[in-house]
Amino acid sequence: MASEATTLTVPGPDGDREVRISSPSRVLWPDAGITKLDLAQYLVDVGGPFVRANGDRPLSLQRFPGGVDGEQFFSKNPPKGAPEYVRSVTVTYPSGRKHPQLVLDEPAVAVWAAQMNTVVFHPWASRAADSDHPDQLRIDLDPQPGTDFHDAVPAAEALRTVLDEVGLTAWIKTSGNRGLHVFAPIVPEHEFLDVRHAVIAAARELERRMPDHVTTAWWKEERGQRVFVDFNQANRDRTMAGAYSPRALAHAAVSTPIRWEELADADPTTFTVLTVPGRLREHGDPWETMGEQPGSIAPLLAWWERDLENGLGELPFPPDFPKMPGEPPRVQPSRAKRPATEQPAADQPAAD
């Protein structure tokens, strides 16, 4: 018997494309009853804003073959059998290895990715033609245990002020979970490490202004009940869910751009695969003009240099990165302070 399948007509810059969706009734979000076809239709409905926010960038696909409650994996290079309208660009990873990575140019590519069971789309902060130089400064505000979305709101508002003081225009979206993502368009003239240092400089300034509310502490044991400014999301090959990307959460949340005027009363749980298309039809895309006036990170880099002179050095990198110049030891502070004879067995060399 022939397998269940359907075809979606997807408008695009080169006309309509017909994208085949196999197993359209497969349920991806069991609690919400949202199917693979529902996801594909969502991507058609938000196609313009979705491509505007995530297109022309190296892209990683977070795929869930059995639905969001099942196994998942990341695809960075284009899967086999990609249509002719799906392109790729060669990027350099932190290890120095080079590899092709998928690029999204039109809504049909996103719908085809949904056919491949992609739920979350992770775009780089740089453009495909110049992947080494970000054109977005991105700051992830991550509420720690004991805090929630509403604790991130005043941190985001204060961060907007910090960025405004250095000539950067801040744009905001929900993470799709409990946090907030603040973006600022920048001139693509600096490498990722410089942009990371600019993010750290802004994060440290925010921390100085809100020491009881915000932290840049990399180690969880030092964060307390504060909002963590995740500076490591600014690294090369580090991404966050893109604007209008669904999330693998039970209620089918969407990482949704909002206007600053909406922030104080925003409820991120109301932004879902089922509701965001209607929101766009009624209110338009808050990020439609983002990127038209990019700023410079030079003032933030001056802050970085000032902090270096005052004894504030490099911060830890992710554990899979090569050891970086000036980086502090990659060991939890509580373990670093403990004499070797008191280290737990798991921290000792294995016996022969």
Is it true that [X] and [Y] have a side-chain N and a carboxylate O under 4.0 angstrom from each other?
| X | Y | answer |
| --- | --- | --- |
| Arg196 | Glu327 | no |
| Arg57 | Asp135 | yes |
| Arg279 | Glu262 | yes |
| Asp140 | Arg238 | no |
| Asp151 | Arg178 | no |

So Asp38 and Arg26, salt bridge (Lys or Arg N to Asp or Glu O under 4.0 Å) or not? Walk me through it.
-> CA-CA 10 Å; Asp38 294 329; Arg26 177 184 296 156; over 6 Å; no
Who are the ring pair (Phe, Tyr, Trp, His ring centres under 6.0 Å) partners of [X], not counting sequence neighbours?
| X | value |
| --- | --- |
| Tyr93 | none |
| Trp304 | His197 |
| Phe231 | Trp218 |

Would you give the length of the straight line joining atom OG of Ser255 to atom CZ of Phe271, rounded to the nearest 0.5 angstrom?
-> 10.5 Å
Side chain Trp260, main chain Ala170, donor-acceptor under 3.5 Å = yes
By the rule that ILVMFWY residues connect when side-chain heavy atoms come within less than 4.5 angstrom, directly or transitively, which residues belong alongside Phe74?
-> none
Who else is in Phe317's hydrophobic cluster (ILVMFWY, side-chain heavy atoms under 4.5 Å, direct or via others)?
->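 The other cluster members (ILVMFWY side chains, heavy atoms under 4.5 Å, direct or chained) are Leu193, Phe321, Met324.
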Using the test side-chain hydrogen bond (donor to acceptor under 3.5 Å, both in side chains), find all partners of Thr269 that sit at least two apart in sequence or belong to another chain.
-> Asp267
